[in-house]
Amino acid sequence: MFTGIISDIGTVLELEQKGDLRVRIGCSYDEAGIDIGCSICCNGICLTVIECGVSETTYFDVEISSESISKTNAQDWIIGTKLNLERALRLGDELGGHIVSGHVDGVAKVLKIEDQGDSTKIEFEVPELLAKFCASKGSVSLNGTSLTINDVKEASFSVNLISHTKQETNWKLVTVNDDINLEVDTLARYVSRLKEYD
């Protein structure tokens, strides 16, 4: 379980396609605090650490299944790709964003980026099946970042990023047409499911 508050920006160091895709990610976390089997949210994808160590930097390895590849932007990762990272929520931690599972629902595409004062407005195209879960002033996780939806249209919505969010995440590198990992709000998903039984 995560909150969508990014704690580090990782870098893809190695990619190896075996049965699954194995990825080595460099980070600034203390190696002593990374346990084998722990979960780290990488660009919004909950992944399990299978190895960690220190070479030029601290790193951890994860494996990504074909199912996760098909539903996320991990298929676009190359050596050097910057990833938003978040450690799993611990009992007693501040819940600063919203409940994020790290189970990506699909990919949203960046349609427009517009600076508005110190903030940046970004508009996304959303898969039709996920659009119904997106509501004005509702929460959404985009590349693992907890954000508030502003305007909603039929198959698109926009968010505003404050300058702090851009500085502390990989959002400063995002461009038009980029694919962004989207996780809809868990509460919205359950409400929609319950309505099917009305």
Side-chain angles (χ1 to χ4, degrees), residues 1-12 23 25-35 37-49 52 57-60 62 64 68 71-74 77 81-108 110 113 116-124 126 130 133-150 157-174 178-190:
M1 197 66 69
F2 307 92
T3 67
I5 304 300
I6 306 306
S7 57
D8 194 16
I9 300 176
T11 304
V12 174
V23 185
I25 299 169
C27 65
S28 64
Y29 296 138
D30 181 0
E31 183 214 359
I34 302 175
D35 295 325
C38 77
S39 296
I40 297 179
C41 197
C42 305
N43 252 23
I45 311 167
C46 177
L47 297 172
T48 301
V49 174
C52 64
T57 183
T58 301
Y59 68 83
F60 61 92
V62 296
I64 310 177
S68 293
K71 285 191 164 46
T72 68
N73 64 15
W77 295 0
T81 296
K82 300 295 184 184
L83 305 175
N84 290 329
L85 302 180
E86 181 186 358
R87 302 296 307 271
L89 184 64
R90 296 179 181 179
L91 205 59
D93 284 353
E94 179 180 342
L95 184 60
H98 73 284
I99 296 297
V100 174
S101 69
H103 302 157
V104 174
D105 294 296
V107 173
V110 176
I113 301 175
Q116 297 182 334
D118 292 330
S119 297
T120 301
K121 179 180 178 180
I122 305 182
E123 185 176 349
F124 302 90
V126 189
L130 299 178
F133 299 111
C134 301
S136 179
K137 305 310 174 191
S139 297
V140 68
S141 172
L142 295 166
N143 272 358
T145 313
S146 174
L147 295 167
T148 301
I149 296 172
N150 290 335
F157 67 82
S158 64
V159 301
N160 272 66
L161 301 178
I162 62 173
S163 56
H164 174 81
T165 302
K166 290 184 290 184
Q167 290 166 7
E168 299 299 320
T169 67
N170 66 7
W171 282 102
K172 56 184 166 285
L173 305 173
V174 168
D178 279 358
D179 288 331
I180 304 297
N181 290 330
L182 166 66
E183 179 185 330
V184 299
D185 184 57
T186 300
L187 182 59
R189 188 186 292 116
Y190 281 116

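Only a predicted model underlies this, so the values are computations on that prediction, with no experimental measurement involved.
Interatomic distance, CG of Asp185 versus OG of Ser141, reported as 10.0 Å (0.5 Å rounding). Taken from OG1 in Thr145 to CZ in Phe2, the straight-line distance is 13.0 Å, to the nearest 0.5 Å. Atom CD of Gln167 sits about 10.0 Å away from atom CD1 of Ile9, to the nearest 0.5 Å. Here the OG1 atom belonging to Thr48 is positioned 12.5 Å from the CG atom belonging to Asp35, to the nearest 0.5 angstrom. The line from CG of Leu85 to SG of Cys41 is 8.5 Å long, rounded to the nearest 0.5 Å. Atom CH2 of residue Trp171 and atom CG of residue Leu142 lie 5.0 Å apart, to the nearest 0.5 angstrom.
No donor-acceptor pair closer than 3.5 Å links the side chain of Glu168 to the backbone N or O of Ile6.
Contact of the Ile25 side chain with the Tyr59 side chain is not registered, since no non-hydrogen atoms from C-beta on lie closer than 4.5 Å. Val159 is listed as a side-chain neighbour of Phe124, based on a closest heavy-atom distance under 4.5 Å. Side-chain atoms of Asn43 and Trp77, non-hydrogen and from C-beta on, do get closer than 4.5 Å to each other. Side-chain contact between Val126 and Phe133 is absent, with no heavy atoms from C-beta onward closer than 4.5 Å. For the pair Thr58 and Asp30, the minimum side-chain heavy-atom distance is 4.5 Å or more.
Evaluation of the side chain to side chain contact (heavy atoms under 4.5 Å, CB included) rule for Ile149 yields Cys134, Val140, Val152, Phe157 as partners, not counting sequence neighbours. With sequence neighbours excluded, the residues forming a side-chain hydrogen bond (donor to acceptor under 3.5 Å, both in side chains) with Ser7 are Tyr29, listed by chain and number. Considering only residues two or more places apart in sequence or on other chains, Thr72 meets the side chain to side chain contact (heavy atoms under 4.5 Å, CB included) condition with Ile45, Ala74, Val104, Asn181. The side-chain hydrogen bond (donor to acceptor under 3.5 Å, both in side chains) test applied to Lys166 returns Thr120, not counting sequence neighbours. Ser101 meets the side chain to side chain contact (heavy atoms under 4.5 Å, CB included) test with His103, Glu183; sequence neighbours excluded. The side-chain hydrogen bond (donor to acceptor under 3.5 Å, both in side chains) test applied to Asp8 returns Ser28, not counting sequence neighbours. Residues meeting the side-chain hydrogen bond (donor to acceptor under 3.5 Å, both in side chains) test with Lys121, sequence neighbours left out: none. In this structure, the side chain to side chain contact (heavy atoms under 4.5 Å, CB included) partners of Asn150, at least two apart in sequence or on a different chain, are Lys137, Ser158, Asn160. Residues satisfying the salt bridge (Lys or Arg N to Asp or Glu O under 4.0 Å) criterion with Asp105, sequence neighbours excluded, are Arg189.
Test Asp179, Thr169, Asn73, Asn84 against Asn143 for side chain to side chain donor-acceptor pair (under 3.5 Å) and you get one pass: Asn73. Test Val100, Thr3, Ile40 against Glu86 for side chain to side chain contact (heavy atoms under 4.5 Å, CB included) and you get one pass: Thr3.
Counting all heavy atoms, side chain and backbone alike, Thr57 lies closest to Gly26 at CG2-CA, 4.1 Å.
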